[in-house]
Amino acid sequence: MNWVQVKHAMTSKPGEEITLKGWVRTRRDSKAGLSFINLHDGTCQDPIQVVAPNDLPNYESEIQKLTTGCAIEVEGQLVESQGKGQSVEVKASAIRVVGWVEDPDTYPASAKRHTFEYLREVAHLRPRTNTFGAIARVRHALSMSVHRFFDEREFYYVHTPIITASDAEGAGQMFRVSTLDALNPPKKDDGSIDYDQDFFGKEAHLTVSGQLSVETYCSALSRVYTFGPTFRAENSNTSRHLAEFWMIEPEIAFADLADDAQLAEDMLKYVFKDLLTRRADDMAFFDKRIQPGLIENLSHIVESDFLRLPYTEAVDILQKSGKKFEYKVDWGTDLQSEHERFLTEEHFKRPVILTDYPKGIKAFYMRLNDDEKTVAAMDVLVPGIGEIIGGSQREERLDVLDKRIDEMGLPKDEYWWYRDLRRYGTVPHAGFGLGFERLVQFSTGMGNIRDVIPFPRAPKQAEF
RNA sequence: UCCCCGAUAGCUCAAUUGGUAGAGCGAGCGGCUGUUAACCGCUAGGUCGUAGGUUCGAGUCCUACUCGGGGAGCCA
C-alpha cells in the first residue's frame, strides 16, 4: 500500500510526490496539450483531477483512449489547481493503465445520469457511481456508529444465530433451511415430510429476529444488543421492505418502556450527529442531489425531543383531526401508514414514539399493562419512512406470559427456554428492533430501500 | 397478495386519429478550449419486453405472461 488514497491527497500539502490508484470517472482533452482525468478510489465523495501532459510516452497510445471505468495508476506531483472547481490536482509524470474497459460503448456504468432502477440491474458496478459510493460509506459510518454507541454505554454485542430451529419467533413468514432432497423428501406414515431425517433433526429456518435469543443474554449480562441479518419470506413489494435486511436489537434488564424509549431516542440522535460530522462530504451530496433539506432535518432531530404519545391519545387526535383518511381510525385496530405519517409528518412534524397499543394487535411477549387492555409496546415513527423502530417492555411474569401464549393459540412447549427465563430470576426488561436499512434510508433520503443495501433481496430479486 | 402505471438504440426518452422508427447523452472520428455534466461537426448503433390475437397494415388496439415503478397490506 505505497500509494495515497484520494481523500488524503485532497487534503495534503501541494508539492508532494504521490502515487494514486483508482478508476477513471471522466476524461477531457485539451488542445493546450493535456488531458484532465477525474479519478476516484471510493475513499471520498469527490474525485481528484489528474492533469496528463501530452509529453507522456503513452499519451496518444493509451491516455487519450481512457474511458469511464478504466483502472489506472498515477505518479505525479500534487499541485495547486490552476482551474476552478478544485483546490489541488495531480500533475502526472507517469500513468499506467491497470485495467481497460473492454467495450466503452456498452460499459453499463458510463459517466452519465442513470436511473436507480437501471443501476439496480448492474448492482456489481453501481458502487462506482457517486451516489452508491456515498451510500456504501454512509452504511459503514452508521454501522460503526451503532457499535460505538452501545460500546460506550457498556452494552455487549451478542451474536445471535442466523439459523433457528424454533418456529416461534412470531415475526413473519420464514425461509426454510433444509438439506432434504426437495424432489424426493422422506415421508412419514401420514404422508407429511419427515423432518426428523433433516440436517438438524427437526424443521429449521432463517431467523426473523434475534430478540428471543438476545433476551437470554440480557438475563445474564444486563445490557446487550445484536446486529445481524434477518430474513422475512413475506411477499412484500414496497420501497420499505426487503427479504434480507440487517437489524439492530438492544435488550436492557431492570428496565421499563420509558427506559426503552429513551434508549431509542438517544441512539438515533447519537448516530445522526455522528454521521453529520464523520461523513459531511457525502451528506452534503445527499442534501444537494437526493433530498434538499436533509441535513437541516437531521440536525433538527438531533436537537429536538421525540414526542411520547399513547396509542389511545393518538386515536383521539386522528379522529378529531378533520383529515380525510382512506381508512377509518378505530380504537383496537392497528394504525395505517397514512395515520402514522399524518402524526409524524403533518401534525407534530418530528419523530413520534407511540406507546401502549391494544394487546390484540401486538406480539405475545409484550408486557400487559395494568389496564389489561394495552401492552407496553412502542413504535418510533419518523417523517418520510414511518415506522423505523418497534419495541416493547417484555412480559416478565410467567403466569401472564402463559396466559397470553394460550390466548394467541401459540405452542407453549416451543417456548420452553424462553419461559425458563421467567422461572429463574426473572426481571423487568425491554428492547427494540431497528431496521438498519430504514435507518440508512432515512439518513440519506433515498426513496427505495433496495438502493441502500449492496445486493437487495426481495420477491423475484436475488441476482448477484 | 391487491390496485394503478410502465417496458422503443449502451442509457434517458419521443413517435399526432393504427401507415413499417427519431432526439439527447454515451461511444468512434475530427475540430476547439486549463478543461471540469465542457463545447461544435460527422459517423455507427434498434427483429419497439415475451407469446398470441384483431387488421390490407400494429411501437400504437385486445388478451396472457415476464420484469420494473408508485401505492396498500404484512412489518423493521
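Keep in mind the model is a prediction, meaning the values are calculated, not measured. Just so you know, these numbers use all the heavy atoms, side chains as well, and skip hydrogens, waters and symmetry mates. First the proteins, then the strands, lettered A, B, ... as listed; each starts at 1.
The shortest distance between the side-chain N/O atoms of A/Asn130 and the OP1/OP2 oxygens of B/rA37 is not below 4.0 Å. In this model, the phosphate group of B/rC75 is not approached by any side-chain N or O of A/Arg232 to a distance below 4.0 Å at OP1 or OP2. For A/Thr115 and B/rU12, the shortest distance from a side-chain N or O to OP1 or OP2 is below 4.0 Å. Using a 4.0 Å cut-off, no side-chain N or O of A/Thr68 falls inside it from OP1 or OP2 of B/rG26.
Contacts of residues 336-351 of chain A with RNA chain B (heavy atom under 4.0 Å): A/Gln336, A/Ser337.
Note on A/Glu89: a base of the nucleic acid sits closer than 4.0 angstrom, heavy atoms only. Residue contacts for A/Ile388: at a heavy-atom cut-off of 4.0 Å it reaches the sugar-phosphate backbone alone, with no base atom in range. Among the heavy atoms of the strands lying under 4.0 Å from A/Ser81 is at least one base atom, whether or not backbone atoms are also near. Using a 4.0 Å heavy-atom distance criterion, A/Asp29 is classed as a base contact. Nucleic acid contact for A/Gly85: base, since at least one base atom lies under 4.0 Å from a heavy atom of the residue. Across all strands, A/Ile389 comes closer than 4.0 Å only to sugar-phosphate atoms, never to a base (heavy-atom distances). Contact annotation for A/Gly433: backbone-only contact, meaning every heavy-atom pair under 4.0 Å involves sugar-phosphate atoms and none involves a base. Note on A/Thr230: nothing from the nucleic acid sits closer than 4.0 angstrom, heavy atoms only.
Not a single donor-acceptor pair, N or O on each side, falls under 3.5 Å between the base of B/rG10 and the side chain of A/Asp105. For a distance-only test at 3.5 Å, the side chain of A/Arg438 qualifies as a donor-acceptor partner of the base of B/rC75. The base of B/rA76 has none of its N or O atoms less than 3.5 Å from a complementary donor or acceptor on the side chain of A/Arg240. For A/His241 and B/rC75, a side-chain-to-base donor-acceptor distance below 3.5 Å is present, hydrogens and geometry of angles not being considered. A donor-acceptor contact under 3.5 Å is not formed by the side chain of A/Glu117 with the base of B/rU12. Remark: the A/Ser110 side chain and the B/rC11 base include no donor-acceptor N/O pair separated by less than 3.5 Å.
Residue A/His114 places its side chain closer to B/rC11 than to any other of B/rA27, B/rC11, B/rG73. Of the candidates B/rG28, B/rC67, B/rG34, B/rC67 carries the atom nearest the A/Lys460 side chain, counting heavy atoms from C-beta on. In this structure, of B/rU35, B/rA76, B/rA72, it is B/rA72 that holds the atom nearest to the side chain of A/Thr238. Candidate nucleotides B/rA72, B/rG34, B/rA37 were compared by shortest atom distance to the side chain of A/Tyr327, and B/rA72 ranks first. Side-chain proximity of A/Ala32 to the nucleotides B/rG34, B/rA76, B/rG68 is greatest for B/rG34. In this structure, of B/rG70, B/rC74, B/rA76, it is B/rA76 that holds the atom nearest to the side chain of A/Met247. Closest contact between the side chain of A/Asn235 and the listed nucleotides B/rU1, B/rG73, B/rU35 involves B/rU1.
For the pair A/Met378 CE and B/rC75 P, the interatomic distance rounds to 17 Å; values are reported in whole Å. B/rA9 atom P lies 12 Å from atom OH of A/Tyr118, rounded to whole Å. When the P atom of B/rG68 is taken as reference, atom CZ of A/Arg450 falls 7 Å away, rounded to whole Å. Residue A/Lys328 contributes atom NZ, which lies 21 Å from atom P of B/rA72 at whole-angstrom precision. Put simply, CG on A/Asn237 is 13 Å from C1' on B/rC3, counting in whole angstrom units. If you measure from atom CZ of A/Phe231 to atom P of B/rA76, you get 16 Å, rounded to the nearest angstrom. A/Arg128 has its CZ atom 20 Å from the P atom of B/rG10, to the nearest Å. Taking atom CZ of A/Phe325 as the reference point, atom P of B/rG73 lies 13 Å away to the nearest angstrom.
Salt bridge status for A/Lys323 with A/Glu338: absent, with no side-chain N to carboxylate O gap under 4.0 Å. A salt bridge links A/Lys269 and A/Asp305; the closest N-O separation between the charged side-chain nitrogens and carboxylate oxygens is under 4.0 Å.
When ring centroids are compared, A/Phe436 and A/Phe227 come within the 6.0 Å threshold. Ring to ring, A/Phe116 and A/Phe132 are close: their centroids are under 6.0 angstrom apart.
Side chains of A/His147 and A/Tyr225: a donor on one and an acceptor on the other come within 3.5 Å. Residues A/Gln336 and A/Arg341 bring no donor and acceptor atom of their side chains to less than 3.5 Å of each other. The closest side-chain donor-acceptor pair between A/Glu234 and A/His241, if any, does not fall under 3.5 angstrom.
Within the shown strands, B/rG53 is the pairing partner of B/rC61 under the Watson-Crick or G-U definition, both distances less than 3.5 Å. With a cut-off of 3.5 Å on both Watson-Crick or G-U wobble distances, the partner of B/rA37 is given as none. Across the strands present, B/rA76 finds no partner; the criterion is a Watson-Crick or G-U wobble pair with both atom distances under 3.5 angstrom. Using Watson-Crick or G-U wobble geometry with both donor-acceptor distances under 3.5 Å, B/rU16 finds no partner in any strand shown. In this structure, B/rC67 and B/rG6 make a Watson-Crick or G-U wobble pair, each of the two defining distances being under 3.5 angstrom. Base pairing annotation: B/rU43 forms a Watson-Crick or G-U wobble pair with B/rA27, both donor-acceptor distances under 3.5 Å.
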Test salt bridge (Lys or Arg N to Asp or Glu O under 4.0 Å) on A/Arg279 and A/Asp281 and set out the steps.
CA-CA 5 Å; A/Arg279 288 262 52 112; A/Asp281 59 343; 3.1 Å; yes
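Each of A/Thr355, A/Thr312, A/Asp356, A/Asn369 was scored for a side chain to side chain donor-acceptor pair (under 3.5 Å) with A/Thr374, with one residue passing: A/Asn369. Applying side-chain contact (heavy atoms from CB on, under 4.5 Å) to A/Val271 and the options A/Leu142, A/Val302, A/Leu298 leaves one that passes, A/Leu142.
Within a 6.0 Å sphere centred on NZ of A/Lys21, heavy atoms belonging to other residues, nucleotides or ligands number more than 12.
Look at A/Tyr107 and the base of B/rG26; the rings do not stack under the cut-offs of 5.5 Å between centres and 30° between planes.
Taking atom C1' on both B/rG53 and B/rA14, the two are 28 Å apart, rounded to the nearest angstrom.
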